[in-house]
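Heads up: the structure comes next, in structure tokens.
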Number of protein chains: 2
Amino acid sequence: MSVGRETRLSAWIERFAAHFAEEGIPLIGGRILGYLLVCQPVERTAAELSQELEASSGSISTNLKYLVNVGLVTKRTRRGRQAAEYRINEKAWTDFIQRKFDAIASVQTLTDDGMRLLSGDPERSMRLRTVDKLYGWLSEELPALWERRPAAPK
Amino acid sequence: MSVGRETRLSAWIERFAAHFAEEGIPLIGGRILGYLLVCQPVERTAAELSQELEASSGSISTNLKYLVNVGLVTKRTRRGRQAAEYRINEKAWTDFIQRKFDAIASVQTLTDDGMRLLSGDPERSMRLRTVDKLYGWLSEELPALWERRPAAPK
DNA sequence: GATCCCTTTCGGTCGACACTGAAACTATCG
DNA sequence: CGATAGTTTCAGTGTCGACCGAAAGGGATC
């Protein structure tokens, strides 16, 4: 007997969360992301997420705040509804990746400063130069690559 | 009265270590990296690093092991010398970055699996599709970009 | 204004991990 | 085969952060 689609989806959500946990996103935050990517209907309240993901209301609140803050999740309040509704903001995923690229490219300022401190000592700055060159190249190419990214569909 | 070059270099090392601490590398590991990038002479023993960075021998040992393991530092032993000498392996920095790229591209397999689970339900898979497309593009472009990376000198 | 429902805040617990320093281990030299 | 110099292992400590659940906070309806 085969397992149902929903069961497999929740296993998928767990894998999804595990991946982002390695990148420093709290497990529950990752679960929220994965869940909001595939749930039907697309909008959920904090209470529903708490029940569905078996996490405390506090954890859900903290993580939603974080996710809304970085833009990956959107909060919507409606008149006549006490509960706010949350949904994935899949278009913000590009910003999420861009921040990663920026983090990589930002090392270049660091290596650059180091090179300045060692100026006039070519012998000693050889090692740093190799690293600086690499990051210099990256901080040229990554933004250029990013320009060519495909437009998100409406 | 201006501060000496060595003083400014140790401040730089601290900034360097702080950056990589945000990426999950232990502070002492980052200090070792920064220090080995600019020290003169280029090779140091564990004992010297311990003294210079004011870290316990245990921490130095653990972190050197880790850094040697990921290839960023090279260990050299010599006959007639009881102390091993460590030096930066600046050429391995490319692998270090490539691992980051691989981590990003690997999400594509995840989103892909998710898409398969939702196959036959285009309505529901819309959100995931947007993310999947983005990672699909990245896992095409990042390796291609990497091919064009400048060769390390010597 | 009172009640209800949902969300956020907050104190507390738990586990993970960086770090330390001493003890065990290894290799070199006399 | 000591003696010595250096490195690694390991148990213990402290810190940090994720998570929980209860209490406080804030709207909405009556």
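The chains referred to below are lettered A, B, ... by the order of the sequence lines, with proteins before strands, and numbering in each begins at 1.
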Below 3.5 Å, can you tabulate the donor-acceptor pairs from side chains in residues 62-72 of chain B to any protein atom, sequence neighbours excluded?
| residue | atom | partner | partner atom | Å |
| --- | --- | --- | --- | --- |
| B:Thr62 | OG1 | B:Gly58 | O | 3.0 |
| B:Asn63 | OD1 | B:Gly29 | N | 3.3 |
| B:Asn63 | ND2 | B:Ser59 | O | 2.9 |

State plainly whether the residues [X] and [Y] are in salt-bridge range, i.e. N to O under 4.0 Å.
| X | Y | answer |
| --- | --- | --- |
| B:Asp102 | B:Arg99 | no |
| B:Arg129 | A:Glu90 | no |
| A:Glu85 | A:Arg44 | no |

Does a side chain donor of either B:Tyr86 or B:Arg76 reach within less than 3.5 Å of an acceptor in the other side chain?
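Short answer, no.
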
Positions of residues 10-27 of chain B (non-hydrogen atom under 4.0 Å from DNA chain C), listed by number:
B:Pro26, B:Leu27

Residues at least two apart in sequence or cross-chain that pass side-chain contact (heavy atoms from CB on, under 4.5 Å) with B:Asp132, listed by chain then number, are B:Gln108, B:Thr111, B:Asp112, B:Met115

For B:Arg76 and D:dG6, give me the distance from atom CZ to atom C1', rounded to whole Å.
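The answer, rounded to whole Å, is 17 Å.
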
Between B:Asn69 (CG) and D:dT8 (P), how many Å, whole number?
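For the pair B:Asn69 CG and D:dT8 P, the rounded distance is 13 Å.
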
Below 4.0 angstrom, which residues in residues 33-68 of chain B have at least one non-hydrogen atom near DNA chain D?
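Output list: B:Thr45, B:Ala46, B:Ala47, B:Ser57, B:Gly58, B:Ser61, B:Lys65.
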
Identify each atom pair where a protein N or O and an N or O of nucleotides 26-30 of chain C are less than 3.5 Å apart, giving names and distance.
| residue | atom | partner | partner atom | Å |
| --- | --- | --- | --- | --- |
| C:dC29 | OP1 | B:Gly80 | O | 2.9 |

Measure from the side chain of B:Lys75, starting at C-beta and using heavy atoms only, and say which of C:dT20, D:dT8, C:dT7 lies closest.
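Minimum distance to the B:Lys75 side chain belongs to D:dT8.
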
With sequence neighbours excluded, residues passing ring pair (Phe, Tyr, Trp, His ring centres under 6.0 Å) with B:Trp146:
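Applying ring pair (Phe, Tyr, Trp, His ring centres under 6.0 Å) to B:Trp146 gives B:Phe101.
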
Check whether A:Glu141 reaches the backbone of A:Leu138 with its side chain - one donor and one acceptor, N or O, closer than 3.5 Å.
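Here the side-chain-to-backbone pair does not exist.
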
Tell me if a side-chain donor or acceptor on B:Trp12 pairs with a main-chain N or O of A:Leu110 at a distance below 3.5 Å.
yes

Assess A:Lys100 against A:Phe96: is NZ or CZ under 6.0 Å from the centre of the six-membered ring, and within 45 degrees of the ring's axis?
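Yes, a cation-pi geometry.
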
